[in-house]
Amino acid sequence: MDTAVAIRTLEATYKSSAEAAAVELMIAKLIEKEGPYLKSKGRASDAARIGILTWRSLLIMSRDWKYFWSRLVLYMLLALSIGTIFIDIGHSLSSVVVRISATFVFVSFLVLLSVCGVPAHIDEIKIYSHEDSNRHSGTLVFLLGHFLSSIPFLFLVSISSSLVFYFLIGLRNEFSFLMYFIITIFMCLLANEALMMIVAYIWLETYKCTLTLICLYVIMMLVAGYFRIRDAIPVAVWNYPLSYISFHTYAIQGLVENEYVDTSFAVGATRTIPGVQAVRGSYGISSSAGAKWMNLLVLLLMAIGYRVVLYVLLRLDVRRHVRLGRRSCWPSIHTSAAPK
């Protein structure tokens, strides 16, 4: 008899035997005796899985130089470079344009340098795909774990680079303004991380992801209101909707409002002009004291919105459906290189 046939015969014989029925009855009695704990044994709760995934992602981020250390070093070098280039610009009326330029360069290049974390995001997506196919992880569990684990890292790079830039440039010397600056940079990077995850899921290739992100960042920089005031940007496409979906716009606008709303500059010996009026010649901001908080709120909503989009893409398994419809569209996650 063939080995496979013999094995199947033995399995079928045992399943129909009295011994198998007795074993199943004994297991059922033990489960009922021990209660719900034994019934659920072996299946971790969602909270436990989120905690485990969060801790695992933290370990990966701290050990992977591509994700953590390289970005931290690059951000610090960027802050030092911009800070030393724009150092000692003073607080006169003529410093307004220079300080806005420094803020724009800092935010734009901080986001641009984040592309060095693309390989780590691709690895995270691949790990999730393999675990989800084996029913070891869910979409919401994965996203919450990744989100919670990224918060300490993003806040660390935000506060370290912001402190260097803030004091070298000589921005407003009050704690509340400093904290707003740090939180705005943090929210901007938080929204950017979600965008990077979406692009990483779409392509799963470092070159394509990097090229796509750089193109998106350049467009966001162009419509952020620095090269041309937003009111003067052509309405179709560039102003609506591109300038409104660029997180550069809200980050830079909020930081400029944080610096110049409720300030004034001397013009001559007796006359002063409000800081908002001094800025409006080079950048469009609101004179309302609460406008900067609206910009911060928009950044928070964008960070949440991008993750909702990523959740929908992962939940519906868009890659698989598109790949079935068009054989040459996207490479399969499962046939891609296994995560390291």
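Only this structure's heavy atoms are used, side chains among them; waters, hydrogens and symmetry mates stay out.
In terms of hydrophobic clustering, with Ile, Leu, Val, Met, Phe, Trp and Tyr side chains grouped at heavy-atom distances under 4.5 Å, L74 and L213 are assigned to a common cluster. Under a hydrophobic clustering in which Ile, Leu, Val, Met, Phe, Trp and Tyr are joined whenever their side-chain heavy atoms come within less than 4.5 Å, directly or via other members, L195 and V223 fall into different clusters. Tracing side-chain contacts under 4.5 Å through hydrophobic residues (I, L, V, M, F, W, Y), one never reaches V73 starting from V118; they form parts of separate clusters. Hydrophobic clustering (side-chain heavy atoms under 4.5 Å, transitive across Ile, Leu, Val, Met, Phe, Trp, Tyr) groups I304 together with F142. V107 is not connected to V97 by any chain of hydrophobic side-chain contacts under 4.5 Å among Ile, Leu, Val, Met, Phe, Trp and Tyr, and they are in different clusters.
A 4.5 Å side-chain heavy-atom check between R230 and T249 finds at least one atom pair inside the cut-off. Counting only heavy atoms from C-beta outward, the side chains of I169 and R99 approach each other to under 4.5 Å. V279 places a side-chain heavy atom less than 4.5 Å from the side chain of V256. For the pair E124/I60, a side-chain contact is recorded, criterion being any heavy-atom separation below 4.5 Å from C-beta on. Taking the side chain as every heavy atom from C-beta outward, V23 and Y14 approach each other to under 4.5 Å. For the pair T263/P274, no side-chain contact is recorded, criterion being any heavy-atom separation below 4.5 Å from C-beta on. No side-chain heavy atom of F147 sits less than 4.5 Å from a side-chain heavy atom of T54. In this structure, F247 and V111 have side chains that are in contact, with non-hydrogen atoms separated by less than 4.5 Å.
The backbone N or O of V105 lies less than 3.5 Å from no partner atom in the side chain of S108, so there is not a single donor-acceptor pair. The closest donor-acceptor contact from the side chain of S246 to the backbone of L242 lies at 3.5 Å or more, if one exists at all. Judged by distance alone, the side chain of T206 and the main-chain N or O of P119 form no donor-acceptor pair under 3.5 Å.
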Worked check of side chain to side chain contact (heavy atoms under 4.5 Å, CB included) between Y75 and L156: CA-CA 11 Å; Y75 287 173; L156 175 61; over 6 Å; no
Criterion side chain to side chain contact (heavy atoms under 4.5 Å, CB included) on Q253 and Y283, from CA distance to verdict: CA-CA 8 Å; Q253 188 169 303; Y283 199 87; 4.1 Å; yes
Check against side-chain hydrogen bond (donor to acceptor under 3.5 Å, both in side chains), H121 and E193: CA-CA 9 Å; H121 288 300; E193 288 293 300; 3.1 Å; yes
Check against side chain to side chain contact (heavy atoms under 4.5 Å, CB included), V298 and M302: CA-CA 6 Å; V298 172; M302 292 180 78; 4.1 Å; yes
CA sep, side-chain torsions, deciding dist, call: Y217, N192, side-chain hydrogen bond (donor to acceptor under 3.5 Å, both in side chains): CA-CA 10 Å; Y217 293 154; N192 180 54; 2.4 Å; yes
Evaluation steps, side chain to side chain contact (heavy atoms under 4.5 Å, CB included), between V276 and Y260: CA-CA 6 Å; V276 175; Y260 290 109; 5.6 Å; no
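Annotation for F109 and L78: closest pair C-CD2, 3.6 Å, computed over non-hydrogen atoms. Taking every heavy atom of both residues into account, I122 and C209 meet most closely at CD1-SG, 4.1 Å. In terms of heavy-atom proximity, A278 sits nearest to L93 at CB-CD1, 3.4 Å. In terms of heavy-atom proximity, T272 sits nearest to S264 at CB-CB, 4.5 Å. R280 and I285 make their closest contact through NE-O, 3.6 Å (heavy atoms, listed as atom of the first residue, atom of the second, distance). Residues M196 and G117 come closest through the heavy atom pair CE-C, 4.0 Å.
For the residue pair S94 and S92, a side-chain donor N or O sits within less than 3.5 Å of a side-chain acceptor on the partner. Between the side chains of Y226 and S101, a donor-acceptor pair is found at a separation under 3.5 Å. Side-chain contact annotation: T212 with W203, donor-acceptor N/O pair under 3.5 Å present. Between the side chains of Y311 and R307, no donor-acceptor pair is found at a separation under 3.5 Å.
Sorted by first then second residue, the side chain to side chain donor-acceptor pair (under 3.5 Å) pairs that include residues 157-172, not counting sequence neighbours, number zero.
The aromatic rings of Y240 and Y244 lie parallel to each other, with less than 30° between the two planes, well short of the 60° mark.
Of the inter-residue distances, the one linking L171 atom CG with N258 atom CG reads 8.5 Å to the nearest 0.5 angstrom. Between the CD1 atom of I252 and the CD atom of E257 there is a distance of 12.0 Å, given to the nearest 0.5 Å. Within the model, atoms CD1 of I52 and OG of S57 stand 12.0 Å from one another, a figure rounded to the nearest 0.5 Å. Taken to the nearest 0.5 Å, the CG atom of N295 stands 12.5 Å off from the CG atom of L300. One finds the CD atom of E259 at 9.5 Å from the CD1 atom of I100 (value rounded to the nearest 0.5 Å). Here the CG atom belonging to L299 is positioned 6.0 Å from the CG atom belonging to L296, to the nearest 0.5 angstrom.
Within 6.0 Å of atom CE in M294, 12 or fewer heavy atoms from other residues, nucleotides or ligands are found, so the atom counts as exposed in its surroundings.
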If you look only at distance, which donor and acceptor atoms sit under 3.5 Å apart when one is on a side chain in residues 176-189 and the other is two or more places apart or in another chain?
residue, atom, partner, partner atom, Å
Y180, OH, K292, O, 2.5
T184, OG1, Y180, O, 2.8

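The aromatic ring centres of F227 and F104 sit less than 6.0 Å apart.
The pair R56-E131 counts as a salt bridge, with a side-chain nitrogen and a carboxylate oxygen less than 4.0 angstrom apart.
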